[in-house]
Amino acid sequence: MSGPPSTTAALSPRSAAPARGGGGRRRMVLVGLGLLAVLLAVSVLGRDDAAVDSPLDPRNPGPDGARALARTLEDRGTDVVVVRGQQALLDERVDAATVVAVTGVEALGESTVRRLEEHAAPAAALVYAGPADVLATLAGGALEDLTAAPLAPATRPAGCPEPLVEDLVVRTRGGAGLVDEGAGTTTRCFAAAGGEGAAGLVRSGATWALATPASITNRHVLEDDGAALGLRLLGQGDRVVWYVPDAGDTDVSDGVRLGDLLPPWLVPGLWLVAASVLALVLVGGRRLGPLVREPLPVVVRAAEATHSRGRLYHRTGDRGHAAQVLVGATHDRLVDRLRLPADAPRAQVAAVVAARTGRDPREVEALLSPAPPARDSQLVELGRRLQDLEDEVRRA
């Protein structure tokens, strides 16, 4: 029987280098985990800041935000309460002295509009502000009969018998306005074609739809009568509940896409995580220099290692372990010669060996799964029988 491969008795000092490199790899892993933790913390802490970047948000100080209008309302004594998400809206009190303002209408669905208008029914006014093509798609509420139509840029008077805005002049900046396709029960202001075309502001009962929201943004609120329009619409009560919906308000039955339900910071965050992981892999996988070839100081012959191991087994009297070593080596050589899977069980090996040699399968299996020998003579006899079995298979 052949022994184990040659081994080295000692290592040179330079062979300890991989151990030092392991510390460097651990440091790189810790650095990568630290960067990931920082990224997640920034993402979580920045969610509120990301939310106020949306157009017409009452806390957005950017050109497309509406913080100037919200601050002016507060300065004039109107209590402005900003609620984000429909559950926060439903938890907020709404009465006859309250105006409910809705921006971010892109996140509204049919079920959201229905719950919103039921909760806002006691309010002095419900004001939607957003693009006309989005307002026209809001089904299930007071705006369901509206459609979008082109509205050319122009400075337009109100042109409608609505005391709240009849003396105002605002500039429409292109895009679309709203047209009533229903029974004509709405009041249409800032309309084109002598009041017969698309309108920039539509009223149906206590519900208002502002399709030219640029007039109340920070960029344009001081132009023409934009500030007066915003203050009059939202100042119809002593209190404003400013509702900013999010995609989580929409039911699955409304048919929203999965991408609409994800926060806007998620995709950039995932790209940043992927880039960080890729950089970590590239840094950790690069070689720090060419491979070092070093001579082995001492070579121990396989026969000497085998004899030394046998003397250790003999000195400790561990015949059972020695028998398992003999049987394991025979099993591995039989599996290799018979082209069986490396993990073939001994019962399968015994069956194939019996078919090859004509022996009784039970005898072969008992030989490959022996009881621990009690004496040295039994261990020697086991080794001889295993050698005879290998010889028979080799000759078969």
More than 12 heavy atoms of other residues, nucleotides or ligands under 6.0 Å from [atom1] of [X]: is that the case?
X    : atom1 : result
R394 : CZ    : yes
R385 : CZ    : no
D388 : CG    : yes
R384 : CZ    : yes

Indicate the atoms forming the closest heavy-atom contact of [X] with [Y], along with that distance.
X    : Y    : value
A322 : L379 : CB-CD2, 4.0 Å
V82  : P58  : CG2-CG, 3.7 Å
T186 : S204 : CG2-CB, 3.9 Å
V240 : A101 : CG1-CB, 4.2 Å
Y128 : L116 : OH-CD2, 3.5 Å
R173 : S215 : NH1-OG, 4.1 Å

### Query
Does a donor on one side chain sit under 3.5 Å from an acceptor on the other, for D95 and T98?
yes
#### Entry: Side-chain H-bond candidate by donor/acceptor type, E390 with T330, under 3.5 Å
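Per modelled atom types, E390 and T330 side chains form a pair under 3.5 Å.
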Measure the spacing between [atom1] of [X] and [atom2] of [Y] and express it to the nearest 0.5 Å.
X    : Y    : atom1 : atom2 : result
D133 : T137 : CG    : OG1   : 7.5 Å
Q236 : T78  : CD    : OG1   : 11.0 Å
D224 : T172 : CG    : OG1   : 10.0 Å
R71  : N218 : CZ    : CG    : 10.0 Å
D167 : E162 : CG    : CD    : 11.0 Å
T147 : L135 : OG1   : CG    : 12.0 Å

#### Entry: Steps toward side-chain contact (heavy atoms from CB on, under 4.5 Å) verdict (L108, Y243)
CA-CA 11 Å; L108 294 174; Y243 169 42; 4.1 Å; yes
Side chain to side chain, [X] and [Y], heavy atoms closer than 4.5 Å:
X    : Y    : value
P131 : E106 : yes
V170 : V165 : no
L367 : L382 : yes
R84  : D57  : yes
T103 : P213 : no
V353 : L368 : no
V349 : V335 : yes
H220 : R171 : no

### Message
Quick one: does any side-chain atom of Q348 pair with a main-chain N or O of A344 as donor and acceptor, under 3.5 Å?
### Response
no
### Task
Would you check if the side chain of D79 reaches a backbone N or O of R239 as a donor-acceptor pair within less than 3.5 Å?
no
Hydrophobic cluster identity match, [X] and [Y], side-chain contacts under 4.5 Å:
X    : Y    : answer
L151 : F190 : no
V364 : L338 : yes
V327 : V352 : yes
V80  : V221 : no
L234 : I216 : yes

#### Entry: Test salt bridge (Lys or Arg N to Asp or Glu O under 4.0 Å) applied to E392 and R356, R337, R359, the passing residue
R359
#### Entry: Residue pair V169, T155: steps toward the side-chain contact (heavy atoms from CB on, under 4.5 Å) verdict
CA-CA 7 Å; V169 175; T155 299; 3.4 Å; yes
### Message
Restricting to side chain to side chain donor-acceptor pair (under 3.5 Å), what partner residues turn up for E74, sequence neighbours left out?
### Response
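With sequence neighbours excluded, E74 shows a side chain to side chain donor-acceptor pair (under 3.5 Å) to no residue whatsoever.
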### Task
Answer yes or no: is there an ion pair linking R319 with D376, defined by an N-O contact shorter than 4.0 Å?
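So R319 pairs with D376 through a salt bridge.
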### Query
Is the shortest side-chain N to carboxylate O distance from R232 to D225 below 4.0 Å?
no
### Worked verdict on D180 versus L146 for side-chain contact (heavy atoms from CB on, under 4.5 Å)
CA-CA 5 Å; D180 185 7; L146 299 179; 4.0 Å; yes
### Message
side-chain contact (heavy atoms from CB on, under 4.5 Å), that's the test. Do L229 and L210 meet it? Break it down for me.
### Response
CA-CA 10 Å; L229 174 63; L210 178 61; 4.0 Å; yes
### Message
Consider side chain to side chain contact (heavy atoms under 4.5 Å, CB included). Of L73, V127, V241, which one does V99 pass it with?
### Response
V127
### Message
If the test is side chain to side chain contact (heavy atoms under 4.5 Å, CB included), which one of T187, V202, L164 qualifies with W208?
### Response
L164
